Number of protein chains: 2
Amino acid sequence: MTKNTRRTQRGEPSLSRDSIIAASIDLLDAGGDSGLTFRALSERLGTGAGAIYWHVANKDDLLDAACDAIVAQTMAMAAGSATMASQEAIRAIGLGLFDAIDAHPWVGGQLARAPARMPMVRILEGIGSRVAALGLQGNALWLGGSALLHYILGVAAQNAANRAYAQTHALVREDYLAAVGAEWSQLDADAYPFTRGIAAQLREHDDRADFLAGIDLILDGIAAQQARRG
Amino acid sequence: MTKNTRRTQRGEPSLSRDSIIAASIDLLDAGGDSGLTFRALSERLGTGAGAIYWHVANKDDLLDAACDAIVAQTMAMAAGSATMASQEAIRAIGLGLFDAIDAHPWVGGQLARAPARMPMVRILEGIGSRVAALGLQGNALWLGGSALLHYILGVAAQNAANRAYAQTHALVREDYLAAVGAEWSQLDADAYPFTRGIAAQLREHDDRADFLAGIDLILDGIAAQQARRG
DNA sequence: ACCTGAACACCGTTCAAGT
DNA sequence: ACCTGAACACCGTTCAAGT
């Protein structure tokens, strides 16, 4: 993610798709979705806005490539564990993604926005192949894989949104949760008994542990249906 | 959703928050996220852009209110069935939301973007109270409720993103799925065996049935853990 | 082949001025 | 109290012109 130094060797292009993507990731990490603009990017790279369009098609392409760089790296690390049991491997993939989105919250939003593209395919492949190794086939395999995928993407998007909201309103996690908890406590007691009841748990909960528990719930459901089919 | 007729009674404000929200929903339904602008909205309402700011705080407020109008109506309909078994009620809520997002795809994106706000609280309350009725308490209740919530929001966001992508590229569902399937079929056979294998199923699958199967998977997982706890 | 940078057609939001 | 509409500070994207 080092700053691109222009035309380091004579005749070589001063800009490359990779350096543009790396700079984009830096901007997104620093300022969230609104931190990446072609103006900020061209200033950082020391070029004009038009030059960037020679290497990327448009902003969607750029966001997709930035997201894919993070996801590809994350999946490569999580997949290194070939000797793991399938259930363990699925948890490892989930946690790897969780931590990656914790470090790069904009990735969660991008995964929710760009469906069926490479980043999602990488996750699908990682999850799906492990579900297949569990012994599922045909429709059960499809359903198990897509349930896990959608759950993971759902948590990713919500985490990203929570982070973005807190950042926009200049709140740290603690204060953000306290504010939401306070709001929920003031909901109408007849209409929102459940939400009022859990408002207190909001402050103490551990996103990462809860995320893992959700994966286990789905894995248990898969095992139960598998046992029922015999 | 009828066009606001200005100053129908003398002295009455010609604009109202409700009429602004209704017009916003129309624009979002017709043109997706990019269909809602203050310029399009003010033209449709026959006012200036500044007038709208007297009734809504900003665009986020407007999007949130539009989303909440749809979700509130959906939850009110799904909650009408008080005699249902809890598991049935959870499925009914899920399907109600699925169909609402099918009719208003932008709602899925908005749910992913605005965390812990009223639309999400309504869903949380509907789901959580039914999970509580299943007999869960304490941490198990929290985990079960949030797993179902995240799964539902994850599917909602992905469906919305798929629809938005297809609309932007002027594709009908069939052609969109065919295009994605074709892309997946051309992935490297060694790196993406799973994804290549399910590319064919992509065209035949039923989003709605798959969504329901995912809910059942989580409900089965909850039941299995409940049985284990005795 | 690659880059420049001004220009275009948009945005959300503000605000003095009106009624 | 409510509305007008021009103005402001941005966007992403294009494109003639340069090297």
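Keep in mind that what you see is a predicted model, and the values were worked out from it rather than measured. First the proteins, then the strands, lettered A, B, ... as listed; each starts at 1.
Along DNA chain C, the nucleotide nearest B:Leu36 and the nucleotide nearest A:Ala49 are compared for position; the residue whose nucleotide lies closer to the 5' end is A:Ala49. Residue order along DNA chain D, read from the 5' end via each residue's closest nucleotide, puts B:Ala51 first among B:Ala51 and A:Ala57.
With rounding to whole Å, B:Leu63 atom CG is found 14 Å from C:dC11 atom C1'. In this entry the distance linking CG of A:Asp61 with P of D:dT13 reads 10 Å, nearest Å. Rounded to an integer number of Å, the gap from A:Ile52 CD1 to C:dT4 P is 10 Å. For A:Leu45 and C:dG5, the CG to C1' distance is 16 Å, given to the nearest whole Å. One interatomic measurement links the two molecules: NE2 of A:His55 to C1' of C:dC3, which rounds to 8 Å at whole-angstrom precision. Residue B:Leu41 contributes atom CG, which lies 10 Å from atom P of C:dG12 at whole-angstrom precision. One can place CZ of B:Phe38 at 16 Å from C1' of D:dC8, the figure rounded to the nearest angstrom. Distance, A:Asn58 CG to D:dC11 P: 17 Å, rounded to whole Å.
Considering only side-chain atoms of B:Arg39, the nucleotide from D:dC11, C:dT13, D:dT13 that sits closest is C:dT13. In the set C:dC11, D:dT13, C:dT4, the nucleotide with an atom closest to the side chain of A:Thr47 is C:dT4. Listed nucleotides: C:dT14, D:dC3, C:dC11. Nearest to the side chain of B:Ser14: D:dC3.
In this structure, A:Tyr151 has its ring center at least 6.0 angstrom away from the ring center of B:Tyr151.
Regarding contacts with the backbone of D:dC3, every side-chain N or O of B:Trp54 stays at 4.0 angstrom or more from both OP1 and OP2.
When the options B:Arg117, B:Arg17, B:Arg122 are evaluated for a salt bridge (charged side-chain N to carboxylate O under 4.0 Å, His left out) with B:Asp68, the one that passes is B:Arg122.
Listed here is the closest heavy atom pair of A:Trp184 and B:Val121: NE1-CG2, 3.3 Å.
The pair A:Asp64-A:Lys59 does not meet the salt-bridge criterion, since no charged nitrogen lies less than 4.0 angstrom from a carboxylate oxygen.
In this structure, CD in A:Gln73 is found 7.0 Å from NE2 in A:His104, a value given to the nearest 0.5 Å.
Nucleotide C:dG12: paired with D:dC8 (Watson-Crick or G-U wobble, both distances less than 3.5 Å). In this entry C:dT19 has D:dA1 as its Watson-Crick or G-U wobble partner, both defining distances falling under 3.5 Å.
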